[in-house]
Amino acid sequence: MVTPFVIAQLAMLGFVFFMLLNSAAVMVYVERKVAARIQQRMGPWLVGPYGALQPLADIVKLMFKEELRPKAADSILFALAPVISAVAAFTAFSVVPFGTETTLFGLLDRPVPLQVADVNVAVLVVFAVTSMGVYGIVLAGWSSNSKYSLLGALRSSAQMISYELSYGMALASVLVLAGSLSLRDIVNAQAGSWLHVIPRWYLFLQPLGFFIFMTAGVAETNRAPFDFPEAEQELVAGYHTEYSSMSFAMFFMAEYINMVTVSAVATDLFLGGWHGPFLPEYLGWIWFLLKVSFLLFFYVWMRWTLPRYRYDQLMQFGWKVLLPLSVVNLLLTSAGVLYFG
Amino acid sequence: MASDLILFYAFGAIAVAATLLVIAQSNPIYSVLLLIASFMALAGLYVLLDAPFVAVTQIIVYAGAIMVLFLFVVMLLNAPREDALEASGSTEESTGARALGLVLAMAMAIELVWALNRTRILGFAFPEGRGGTSWSVAELGRILFGNYAFAFEATSILILIAMVGAITLAGRHLTEKRIPNPDPRIPSPESRIPSPESRIPSRSPWQA
């Protein structure tokens with residue numbers, strides 16, 4: 001049973017897990033550096049060259065902190081909530097492809113895809129697992145038995161549920177275009193270019209879809225300008241007010257990993273995944289990395305540029321602007337596919 | 001496949017155990033969570049049956065959407081303590097309800113056994129192996145919008161009616177609280193909604 005192929009797949013699993021863990025650390029550093037630059041500060045600079053080892057120091061600090069739990073908290077759920085958040089964040093990435101198939105320089109008898117699991121309903125799996133992440137937040141808020149936590153959790157889940165609809169609709173319009181639910185097929189449908197100039201990315205066929213997806217993605221990951229669950233001025237720290245040490249770190253990590261996942265899915269759906277000019281196919285993952293990095297930078301950029309919305313504005317925008325827009329987009333896409341396809 | 005069988009029993013055990021624990025719990029929040037676990041295990045079983053689409057739909061619709069709603073209702077009503085009290089107080093007096101429950105459960109069990117036996121006798125039980133029919137989403141869509149188009153559309157209308165009804169019921173006390181129009185000759189902006197007296201007085205679904 002233990003063939004080189006199986007070993008390669010297990011190695012892939014470990015690799016993706018390791019990279020996701022690291023991506024959270026790197027993102028914390030990037031976020032702090034970019035924020036500092038935007039605010040004309042230096043940012044972290046003491047630990048390591050240019051402060052690059054700051055995330056490591058942060059992790060050590062978090063590990064040695066005391067794990068506090070409110071007396072009135074529901075102990076089981078209080079411990080379970082950050083785990084649910086982290087597991088959902090990691091699981092969602094498992095179906096995201098990030099490169100073509102490789103034989104690792106001929107080491108394997110059949111090529112292994114650069115992806116943990118090649119599922120033929122990958123898009124829906126991402127969607128389903130993301131919706132599981134809500135439970136982590138809701139349970140954290142409820143089990144803490146603190147009003148700030150509960151309010152933060154309620155807001156967060158209301159926001160996530162509202163924006164999930166538009167998110168799903170934007171996904172659906174790409175599905176209609178590609179005629180497949182597999183992320184790998186969707187990426188492969190975007191290979192090549194029109195007139196040798198414009199890459200065949202769905203971004204150009206679905207500009208509105210991309211906008212909706214990214215906006216809903218920001219709301220789904222609870223990032224600024226939609227970071228109501230953690231609106232410091234009103235809610236202390238929202239659903240993770242009562243958390244400390246590593247359980248807080250898990251929420252923190254889950255947030256960053258969710259960002260990475262949304263960016264990676266957006267890259268696969270709209271930006272042609274690992275397809276790009278100048279590089280041979282087997283180095284496509286470099287393109288993938290660059291695109292994801294750009295989207296992540298955009299996330300950070302946006303956080304330090306835009307002020308937070310008001311809560312009712314967020315709900316109004318979600319239900320009265322984004323959802324109708326996404327329905328129209330889906331209808332137009334379907335009509336276009338029927339007419340031209 | 002041995003691994004399939006192991007997974008089947010694992011998922012089956014989780015589903016059955018979680019479902020049993022749902023009713024054995026006194027804390028409704030735990031019941032909701034265990035029900036989610038049970039739904040997840042069912043999704044795993046669907047994957048084993050080569051129906052990944054159904055599995056994912058199960059998670060999105062049941063574990064994702066419906067159970068979030070349940071969790072909200074349970075959480076916001078903050079039921080745990082009240083329920084524990086009620087349960088401990090009402091165990092002695094409800095022998096009649098218990099007897100009825102027992103009879104109904106027996107009837108259900110007999111019915112199930114009969115139905116399962118019948119399917120086996122008539123021979124449309126599980127096909128040997130996987131039958132080579134792994135439904136793709138496109139095929140499913142074609143069947144749904146072709147053969148079962150009427151049922152599909154009828155269901156969607158039913159759901160729409162339920163939604164409109166829920167919004168009307170939920171929005172009713174919002175309109176009631178508003179200051180009534182002093183002059184009945186001036187049509188109020190809410191005049192398209194019938195007056196509260198003309199409707200059946202009932203509680204909003206969120207208080208039920």
Side-chain angles (χ1 to χ4, degrees), chain A residues 1 6 72 74 76-78 80-81 84 87-88 91-92 95 117-145 149-151 153-154 156-158 160-162 164-165 167-168 171-172 175-176 178-182 185 334, chain B residues 1-3 6 21 25-37 39-40 42-44 46-47 50-81 84 134-142 145 163 167:
Chain A
M1 277 300 278
V6 172
D74 184 320
I76 299 175
L77 294 184
F78 191 77
L80 191 67
I84 295 178
V87 166
T91 315
V95 292
D118 195 359
V119 185
N120 61 3
V121 286
V123 179
L124 291 178
V125 171
V126 171
F127 191 59
V129 174
T130 321
S131 68
M132 288 294 102
V134 183
Y135 287 115
I137 291 171
V138 175
L139 290 176
W142 183 82
S143 66
S144 302
N145 221 335
S149 303
L150 185 63
L151 284 174
L154 283 182
S156 161
S157 35
M160 285 170 96
I161 293 167
S162 311
E164 224 160 61
L165 291 169
Y167 190 78
L171 281 178
L175 301 186
V176 169
S180 169
L181 281 165
S182 153
D185 290 353
S334 313
Chain B
M1 290 273 275
S3 59
I6 294 167
L21 282 172
Q25 282 296 323
S26 58
N27 188 339
I29 293 256
Y30 286 103
S31 296
V32 170
L33 290 178
L34 284 163
L35 200 53
I36 295 168
F39 283 146
M40 295 287 231
L42 284 186
Y46 291 142
V47 170
D50 251 359
F53 180 72
V54 182
V56 175
T57 318
Q58 161 94 3
I59 292 181
I60 292 177
V61 175
Y62 284 97
I66 292 178
M67 292 321 285
V68 166
L69 204 66
F70 267 66
L71 195 61
F72 262 74
V73 172
V74 171
M75 246 170 54
L76 294 182
L77 292 179
N78 216 357
R81 277 180 208 131
S134 175
W135 296 99
S136 76
V137 180
E139 281 169 282
L140 263 178
R142 219 162 278 139
F145 289 102
M163 259 163 69
I167 289 169

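Quick caveat, the model's predicted, so the values are computed rather than measured. In the text below, chain A, chain B and the rest are named by the order of the sequence lines, each starting its count at 1.
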Flag the one option from A:Leu154, A:Val134, A:Leu150 with the top tally of heavy-atom pairs under 4.5 Å to chain B. A:Leu154

Does CZ in B:Phe72 sit with more than 12 non-hydrogen atoms of other residues, nucleotides or ligands closer than 6.0 Å? yes

Which region of A:Leu181, side chain (C-beta onward) or backbone (N, CA, C, O), has a non-hydrogen atom less than 4.5 Å from a non-hydrogen atom of chain B, or is it both or neither? side chain

Quick check: closest heavy atoms across B:Gly64 and A:Ser131, and the distance to 0.1 Å? CA-OG, 4.1 Å

Hits for side-chain hydrogen bond (donor to acceptor under 3.5 Å, both in side chains) against A:Ser182, two or more places apart or cross-chain, chain-then-number order -> none

Is A:Leu139 in contact with chain B via its backbone, its side chain, both, or neither, using a 4.5 Å heavy-atom distance? side chain

Trace of the side-chain contact (heavy atoms from CB on, under 4.5 Å) decision for A:Leu77 with B:Leu33: CA-CA 10 Å; A:Leu77 294 184; B:Leu33 290 178; 3.2 Å; yes

Which atoms of B:Ile59 are under 4.5 Å from chain A, going by heavy atoms: the side chain, the backbone, both sets, or neither? both

Can you see which heavy atom on B:Ile60 is nearest to which on A:Leu124, and at what distance? CD1-O, 3.8 Å

For B:Tyr30, all residues meeting ring-ring contact (aromatic ring centres under 6.0 Å, His included), sequence neighbours excluded: none

So B:Val68 and A:Val138, side-chain contact (heavy atoms from CB on, under 4.5 Å) or not? Walk me through it. CA-CA 9 Å; B:Val68 166; A:Val138 175; 5.7 Å; no

Part of B:Met40 lying under 4.5 Å from any heavy atom of chain A: side chain

Leading residue by heavy atom contact count with chain B [cutoff under 4.5 Å; candidates A:Val121, A:Val125, A:Val129]: A:Val121

